[in-house]
Structures are given as C-alpha cells and as structure tokens.
Colleague: 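The structure under discussion is supplied below as structure tokens; questions concerning it will follow.
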Amino acid sequence: MIEAVATEHIRHAERPLLDAGAPLMAHVAFAVAQRVRHELSARTGEVGGRRVVVLVGSGNNGGDGLFTAAHLARAGVRTLAVTVAPKVHAEGLEAARRAGVVVVSSASSARDSQDALSPGAAAREALAADVVVDAMLGIGAQGALRGAGGAIVRAVNRQRPRRGGPFVVAIDVPSGIGVDDGTVPGPVLRADLTLACGSPAPGLLLPPAAHLAQDVDVIDTGLDLSGATSKVLRLEDADVATLWPRALPEHDKYRRGVVGVVAGTRAYPGAAVLATGAAVRSGAGMVRHVGADDVTRAVLAAHPEVVHGTGRVQAWVVGPGLDTEDAAQLRQVDVALAEAGLGPGAYFSGAGVWGDGGSDGIVPVVVDAGALSRLPERCAPWIVLTPHAGELARLLTERGVAVDREQVESAPAEHAATAQRLTGATVLLKGATTVVVGPGQVLSQAEAPAWLATAGAGDVLAGLLGTLLAGRSREAVQHPDLVARLAALAALVHGRAATEANPGGPVSASMVVEALPRTIARLLAD
Ligand SMILES: NC(=O)C1=CN([C@@H]2O[C@H](COP(=O)(O)OP(=O)(O)OC[C@H]3O[C@@H](n4cnc5c(N)ncnc54)[C@H](OP(=O)(O)O)[C@@H]3O)[C@@H](O)[C@H]2O)[C@@H](O)CC1
Ligand SMILES: Nc1ncnc2c1ncn2[C@@H]1O[C@H](COP(=O)(O)OP(=O)(O)O)[C@@H](O)[C@H]1O
Ligand SMILES: [K+]
C-alpha cells in the first residue's frame, strides 16, 4: 500500500531532522543525480557530454535542483541551470557554479543582465536537452506556477512532442500541482519520473495532477510519519490477497456470499448481463438477478449459473442499465436500500441504532447509474455509490451543491468528499484514476488502462464490487472502514483485468468479465 500523507505532516516530520542538522537536501540531490545518470545512460548509452537542463525555483525545491546540477556537472554532464526566481538557494547556487554548471536566469528582474535567458530561449534549451530536471516548486507551491517558470512550461508544453523529446524528472512533485488536493491550477510540465522527497504528497496520487506525475518513486529521507492522520492511500497488487474474501473449505455457496443484482431493462439488457457476469466470475457463491423476464433470459443465456428472482442476499448491486420508468424494478431498489439499514427517507444516527451490525437484514449495497436518484437522504457507509463525474455532478446539484461535470473532473477528490459528507455513503468516483472516499478515508487507484473507457465497463465494476461486499458482508457492516478499501480493491482488479484482457490494446466490457477469474487468481498467487 502506498501512503501519501498531507504536506503539513511532511513539514512536521522534517522539522526535527532539519533542526538536528540532517543533510536532507544533500541526500535528495545525490539520489536525484544518481537517477538522472541512470536514465542518461539507459537512454543514450553515455553520461559524460549529455545535456541536462535544471529549472530552479526560489525555495528548497530549487536548492535540491542546484545541488543535483552540481553532481551532474562533476560527472561530466553538460548542465545548464535556469533560475526562474530573482533569488535562489545561495549554497546550492555556489555549489553549482563551483562544479561548472552554467547558470542563467529567466527571472524578469535579470532580463538585462549578461546571464539572462528569455523564457522562450530557456524552453528551447529544455526541449533540446536529454533530461530536464523540474526543481521549480515543491510542497511550498501556492496556486498556479507564476512568472518565468510558468512561461517556460507553457512554451515547452506547446512544442513538446508526444513521444521522444526530453525525459523529464520532477523533484518531489511536478511544479505547480495542487500538492494536497491533486488539482492542476495552471501550467505544469508533465513528468516522466517523479522523485518524491521523504513521502509522496497526496497530489501525486489524486487526479488530475496524478496524470502529470506518472512514475513515482520515493527518496527515503528518514521522516517519521507514523503520527500522520490525513492521507491518501493506494492499494497495490500485494494488498489483494489480504483483502480478498477467501474461498475456504468450510464455506458453502451461501457463506461465500450471495449477490443480488437489480439491473437491466428491455432497453439495456446488456448492463444486467455484464454486472451479473462480473459478480459470477469474481467468485460470488451465488448471483441472483432481479428484473424483467426477458432481461433475465438474456442474463441466463450468457451466465446459466445466475438465479432468477429475489431471496436472501449478502450484498446488493442496484442500478446498472436501470429504467427509471420501471416501477417494479425501482421498488426492488428501494427494498435493497432498506436492507442496508436505511430505507428511503430514513436517517442514520450512529452505529448503535443497528445493534451490533451485520444482522441478516443489514447488507451492503452498491448503488450505480439509474439507482443513484433513489438514495435516501442519509446513507450508511456500507452503501457504496459508484458515479462517474457527470452522475456525481447531478447528485451534488440535487443536494444543493450546483456543479457541472467539468468542475467535478477538475477536483474529483474534493467533490467525492463533498458527496460522502452530504450522503454518509462511501463514494467511488470513476475515471482514469478512480477516487474512493469513505468516512475519514481517501483512496485512489490508477490501474485502469485508457482502453477501459468503454460502454459497460462501469457495470462490470459494480458487479465485481458486489461480490467483494457479499464475501465480507458482515465485516463491512461492523467495520465500515473496510468498505472503502473493498471499493478500491474492486477498482484495482477491474483495471488489472482490463490490461490482462488485451495488454496495450482495445478491450470490451465483456472481455474484462472474461479476464476476471485469471486476473484474480494471479493476484492472489502473487
Ligand atoms: N521532505 C523532505 O524530506 C525534504 C524536502 N526537501 C525539499 O523541500 C521542498 C519544499 O521547500 P520549500 O518549503 O522551500 O518550498 P518550495 O516548494 O521549494 O518553494 C516555495 C517557494 O516558491 C515560491 N512560490 C510558491 N508558490 C509559487 C507559485 N505558484 N509560483 C511561483 N513561485 C511560487 C514561494 O516564494 P514567494 O513567491 O512567495 O516569494 C516560496 O518561497 C520540497 O518540495 C522538497 O523538494 C529537501 O530539500 C529536503 C528533504
Ligand atoms: N480515461 C480512462 N482511462 C481508464 N479508465 C477509465 C477512463 N475513463 C473511464 N474509465 C473507467 O471506465 C469505466 C467506465 O464506467 P462508466 O462510465 O460507468 O461506463 P458504463 O456506464 O458504460 O458502464 C469506469 O470503471 C472508469 O473508471
Ligand atoms: K518540482
């Protein structure tokens, strides 16, 4: 599991080390220089004589960059440091100059001096380099990258080819991202490699900034972050075996978990086929489908093991392909929501109301697509909402927070957290990076290949999550912390199955369903 702790905790953890004189910046610079040398040699076959441009800001991130430049120059790299602020880290500057780094300034105050380089010219230098080191801003960033740095990045972004071009290494974060919320308030140089100092900042895991950070590695600076409370988590493949509901010899099909799926209409039978198929193929003990007869016929033709009609379940999946005109189906959605412990109009007033939780009547529910409009005013945390950005915007607007899809996409974590607060439910917001917010928890998963943005993929995710919640139904109700993790687990496996279905190429939702059993087996064996 990757943990990105809020930058206030990083600051707090740095303090005692810096007060004790620990050479953190020297350590970071050495590690960054090592990686740059490694990349140069892997990409060009040599280190000496290659060209590196280091973009240097006013704070300690710039200091990291200047000491990195000094190391590289000493290794024979032709190193140009472009400062983007009038004042930069003094010792770093001296070290860089002493080592033979060519230092020029793009800051507006330096424009008339001999060592000045216009942002346009600096951008050309950067584009011609083998490696660019982005050391303009770290966790001290406030708002959009301003001044010469912003101008250089805009110019580079206009001309940088999609493939080829310089390899960009960001120190700590790509400069100018929202370090705690993952927003992208202005120009940012997309990094091919991000070397986080001590701990990744939350913005490296949260979209849309996460898409600009790509490959993230952490330089261990010895920070003690054990007291950090505010964080973003990302599950890794190694976490799957710990969280997955195991098939045990003493389990019969009921104990393995029964998933009830209320999905599909005559207009959209495919959603029911995909959601039930995903539930079956991810290992549910039994899957029941509730819907019109001809929809069930389509379901049974594809998955004969599905059982038609209602009965006891350990988790519900409601909403994929739902017809909001179908009164019978909507009634069944309301029944499922009522079985979560909170019927329409009911209020959740603390765990005590539900005794020890996990009694037969209380089961987790995945609420997708058409069923999102049936939510009670307050939900238990074991109700998991699975909207995409457009659906989340609608849900928030209905609850008095008027936002559109673009606003949700520009700050997904914030809007998912608002929805979590307003509903009480756990919220899984789908996207290229999927964000899950439960009470006091934020997780982010980025396994999905871009090919997964295809019709029906969301139905597959809902069915898969249904199996996970059914398999750990009681625990999910008794320990709601588990619910957000299971939702993130579903997103991880969904993304991995999409890759496994056709590595590097197009996938259909049905192909993802097909790939689930072998993907899960591989992840459990890892
Ligand atoms: N964690 C660890 O173990 C270690 C961490 N270390 C490193 O320290 C870094 C944090 O350093 P930091 O505190 O000096 O902040 P940093 O981001 O360099 O610069 C802030 C300065 O930038 C400016 N500025 C702000 N916003 C701006 C904007 N939008 N556009 C333009 N300018 C803007 C603002 O100046 P102002 O404009 O206000 O005068 C402010 O003074 C951290 O990211 C990591 O790299 C290592 O050195 C050691 C081990
Ligand atoms: N750009 C993308 N890259 C990777 N995965 C994506 C991207 N966009 C969406 N997805 C994933 O594809 C699925 C689409 O779900 P959804 O929009 O509900 O589709 P549908 O309603 O057709 O089933 C979600 O799991 C989402 O996380
Ligand atoms: K940076």
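Both ligands and their constituent atoms are indexed starting at 1 by order of listing. Values below: every heavy atom of this structure, side chains too, minus hydrogens, waters and symmetry copies.
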Colleague: Any N/O of Val28 closer than 3.5 Å to an N/O of ligand 1?
Modeller: no

Colleague: Is it true that atom NE2 of His12 has more than 12 heavy atoms of other residues, nucleotides or ligands lying nearer than 6.0 Å?
Modeller: no

Colleague: Under 4.0 Å, heavy atoms only, figure out whether ligand 1 is touched by the backbone of Leu17, its side chain, both or neither.
Modeller: neither

Colleague: As a quick check of understanding, evaluate side-chain hydrogen bond (donor to acceptor under 3.5 Å, both in side chains) for Ser444 and Thr433, giving each step before the final call.
Modeller: CA-CA 7 Å; Ser444 133; Thr433 295; 5.6 Å; no

Colleague: May I ask whether Gly149 places a heavy atom under 4.0 Å from ligand 1?
Modeller: no

Colleague: Using a strict cut-off of less than 4.0 Å between a Lys/Arg side-chain nitrogen and an Asp/Glu carboxylate oxygen, indicate whether Asp192 and Arg160 qualify as a salt bridge.
Modeller: yes

Colleague: Give a yes/no answer: is there an N/O/S atom of Val173 under 3.4 Å from the K ion (ligand 3)?
Modeller: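 Val173 does place an N, O or S atom closer than 3.4 Å to the K ion (ligand 3).
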
Colleague: Please walk me through it: do Asp180 and Thr7 pass side-chain hydrogen bond (donor to acceptor under 3.5 Å, both in side chains)?
Modeller: CA-CA 7 Å; Asp180 280 309; Thr7 55; 2.6 Å; yes

Colleague: Checking His89 now: which residues fulfil ring-ring contact (aromatic ring centres under 6.0 Å, His included) with it, not counting sequence neighbours?
Modeller: Phe67

Colleague: If the cut-off is 4.0 Å to any non-hydrogen atom of Pro449, which atoms of ligand 2 fall inside it?
Modeller: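 Matching atoms, with element in brackets: 3 (N), 4 (C), 5 (N).
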
Colleague: Would you check the N or O atoms of His388, main chain and side chain alike, for any that come under 3.5 Å of an N or O of ligand 2?
Modeller: no

Colleague: Can you list the atoms of ligand 2 that are under 4.0 Å from a heavy atom of His494?
Modeller: 25 (O)

Colleague: Specify the closest pair of heavy atoms between Thr397 and Val403, including all atoms of both residues, with the distance to one decimal.
Modeller: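 Nearest pair, atom of Thr397 first, then Val403: OG1-O, 3.1 Å.
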
Colleague: Report, in ascending order of atom number, the atoms of ligand 2 lying under 4.0 Å from any heavy atom of Gly456.
Modeller: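 Near Gly456, the atoms of ligand 2 are 20 (P), 22 (O), 23 (O).
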
Colleague: Give the residue, atom name and distance (to 0.1 Å) of the protein heavy atom nearest atom 5 (N) of ligand 2.
Modeller: Ala448 CB, 3.4 Å

Colleague: Backbone or side chain, does Asp134 get an N/O/S atom under 3.4 Å to the K ion (ligand 3)?
Modeller: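 Of the N, O and S atoms in Asp134, at least one lies under 3.4 Å from the K ion (ligand 3), which means yes.
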
Colleague: Between His388 and Leu429, does a side-chain contact (heavy atoms from CB on, under 4.5 Å) hold up when you go through it step by step?
Modeller: CA-CA 6 Å; His388 55 57; Leu429 174 57; 5.6 Å; no

Colleague: When rounded to the nearest 0.5 angstrom, what distance separates CG in Asp368 from NZ in Lys430?
Modeller: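 Asp368 atom CG to Lys430 atom NZ measures 4.0 Å (nearest 0.5 Å).
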
Colleague: Could you pull out, from Leu24, Asn60, Leu18, Asp64, the option with a heavy atom nearest to atom 46 (C) of ligand 1?
Modeller: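 Shortest heavy-atom distance from atom 46 (C) of ligand 1: Asp64.
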
Colleague: So, 3.4 Å as the limit: is an N/O/S atom of Leu137 located closer than that to the K ion (ligand 3)?
Modeller: yes

Colleague: Heavy atom under 4.0 Å from ligand 1: found in Ser199's side chain, backbone, both, or neither?
Modeller: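 Looking at Ser199 and ligand 1, no heavy atom falls under 4.0 Å.
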
Colleague: Please identify which atoms of ligand 2 are closer than 4.0 Å to at least one heavy atom of Ala455.
Modeller: 22 (O)

Colleague: Tell me: protein heavy atom nearest atom 1 (N) of ligand 2, and distance?
Modeller: Ala432 CB, 3.5 Å

Colleague: Counting heavy atoms only, which part of Cys197 comes closer than 4.0 Å to ligand 1: side chain, backbone, both or neither?
Modeller: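 Looking at Cys197 and ligand 1, atoms from backbone and side chain both fall under 4.0 Å.
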
Colleague: Would Gly57 count as a contact residue for ligand 1, given that I'm defining contact as a non-hydrogen atom of the residue lying under 4.0 Å from a ligand atom?
Modeller: no

Colleague: In this structure, which one of Leu55, Leu127, Val53, Val168 forms a side chain to side chain contact (heavy atoms under 4.5 Å, CB included) with Val156?
Modeller: Leu127

Colleague: Before signing off on this row, confirm whether Met25 and ligand 1 have an N or O atom pair separated by under 3.5 Å.
Modeller: no

Colleague: So is Ala141 close enough to ligand 1, meaning a heavy atom under 4.0 angstrom away?
Modeller: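 For ligand 1, residue contact (heavy atoms, under 4.0 Å) with Ala141 is present.
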
Colleague: With a heavy-atom distance limit of 4.0 Å, tell me whether Thr221 approaches ligand 1 through its side chain, its backbone, both, or neither.
Modeller: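 Looking at Thr221 and ligand 1, just side chain atoms fall under 4.0 Å.
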
Colleague: Please identify which of these residues, Leu225, Val232, Leu233, Leu205, meets the side chain to side chain contact (heavy atoms under 4.5 Å, CB included) condition with Glu3.
Modeller: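 Exactly one candidate clears the test, Leu233.
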
Colleague: What I want to know is whether Leu223 and ligand 1 share at least one N or O pair that is separated by under 3.5 angstrom.
Modeller: no

Colleague: Can you pull out the closest protein heavy atom to atom 18 (O) of ligand 2? Residue, atom name and distance to 0.1 Å, please.
Modeller: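 Closest protein heavy atom to atom 18 (O) of ligand 2: Lys430 NZ, 2.6 Å.
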
Colleague: Give a yes/no verdict on whether any heavy atom in His27 is under 4.0 Å from an atom of ligand 1.
Modeller: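 His27: no contact with ligand 1 (<4.0 Å).
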
Colleague: Would you say Arg405 has more than 12 foreign heavy atoms packed within less than 6.0 Å of its CZ?
Modeller: yes

Colleague: For Tyr268, look at atom OH and say whether over 12 heavy atoms of other residues, nucleotides or ligands are found less than 6.0 Å away.
Modeller: no

Colleague: Give, rounded to 10 degrees, the angle between OG (Ser175) and OD1 (Asn61) as seen from the K ion (ligand 3).
Modeller: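 Roughly 100°, rounded to 10°.
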
Colleague: Measuring from atom NE2 of His27 to atom CG of Asp64, what distance do you get when rounded to the nearest 0.5 angstrom?
Modeller: 11.0 Å

Colleague: Just going by heavy-atom distances, which of Val218, Val56, Thr7, Asn61 is nearest to atom 9 (C) of ligand 1?
Modeller: Asn61

Colleague: Please determine if Met136 has a nitrogen or oxygen closer than 3.5 Å to a nitrogen or oxygen of ligand 1.
Modeller: no

Colleague: To the nearest 0.5 angstrom, please state how far the OG1 atom of Thr194 sits from the CG atom of Leu204.
Modeller: 6.0 Å

Colleague: Please state whether the separation between the K ion (ligand 3) and some N/O/S atom of Ala170 is under 3.4 Å?
Modeller: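 No, since none of the N, O or S atoms of Ala170 sits under 3.4 Å from the K ion (ligand 3).
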
Colleague: Checking the N or O distance criterion of under 3.5 Å, is ligand 1 in contact with Gly138?
Modeller: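 Checking ligand 1 against Gly138, an N or O pair does fall under 3.5 Å apart.
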
Colleague: Apply side-chain contact (heavy atoms from CB on, under 4.5 Å) to residues Asp239 and Arg234 and explain how you reach the verdict.
Modeller: CA-CA 10 Å; Asp239 300 307; Arg234 175 166 296 169; over 6 Å; no

Colleague: Atoms of ligand 2 less than 4.0 Å from Asp459 heavy atoms?
Modeller: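 Ligand 2 atoms under the 4.0 Å threshold to Asp459: 23 (O).
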
Colleague: Would you mind listing which atoms of ligand 1 come within a distance below 4.0 Å of any non-hydrogen atom of Ala144?
Modeller: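 Here the atoms of ligand 1 in question are 28 (C), 29 (N), 30 (N).
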
Colleague: If you measure every N/O of Leu461 against every N/O of ligand 2, is any gap under 3.5 Å?
Modeller: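 Leu461 vs ligand 2: no N/O contact under 3.5 Å.
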
Colleague: Counting both backbone and side chain atoms, is some N or O of Gly431 under 3.5 Å from an N or O of ligand 2?
Modeller: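 There is such a contact, yes.
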
Colleague: Before signing off on this row, confirm whether Gly458 and ligand 2 have an N or O atom pair separated by under 3.5 Å.
Modeller: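 Looking only at distances, the answer is yes, because the N/O contact criterion of under 3.5 Å is met.
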
Colleague: So which bit of His89 gets within less than 4.0 Å of ligand 1, heavy atoms only: side chain, backbone, both or neither?
Modeller: neither

Colleague: With backbone taken as N, CA, C and O and side chain as the heavy atoms from C-beta onward, which portion of Asp172 lies under 4.0 Å from ligand 1: side chain, backbone, both, or neither?
Modeller: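 The answer is the side chain.
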
Colleague: State the atoms of ligand 2, each with its element, that fall below the 4.0 Å cut-off from a heavy-atom position in Thr434.
Modeller: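 Once the distances to Thr434 are compared, the set is 27 (O).
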
Colleague: So which heavy atom in the protein is nearest atom 39 (O) of ligand 1, and how far is it from that ligand atom?
Modeller: Ser58 OG, 4.9 Å

Colleague: With rounding to the nearest 0.5 angstrom, report the CG to OG distance, Leu461 to Ser282.
Modeller: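 Nearest 0.5 Å value for the CG-OG distance: 10.5 Å.
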
Colleague: Closest approach of Ala497 and Ala515, non-hydrogen atoms and distance?
Modeller: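 Closest approach of Ala497 to Ala515, heavy atoms only: O-CB, 3.5 Å.
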
Colleague: Side chain, backbone, both or neither: which part of Glu14 has a heavy atom under 4.0 Å from ligand 1?
Modeller: side chain

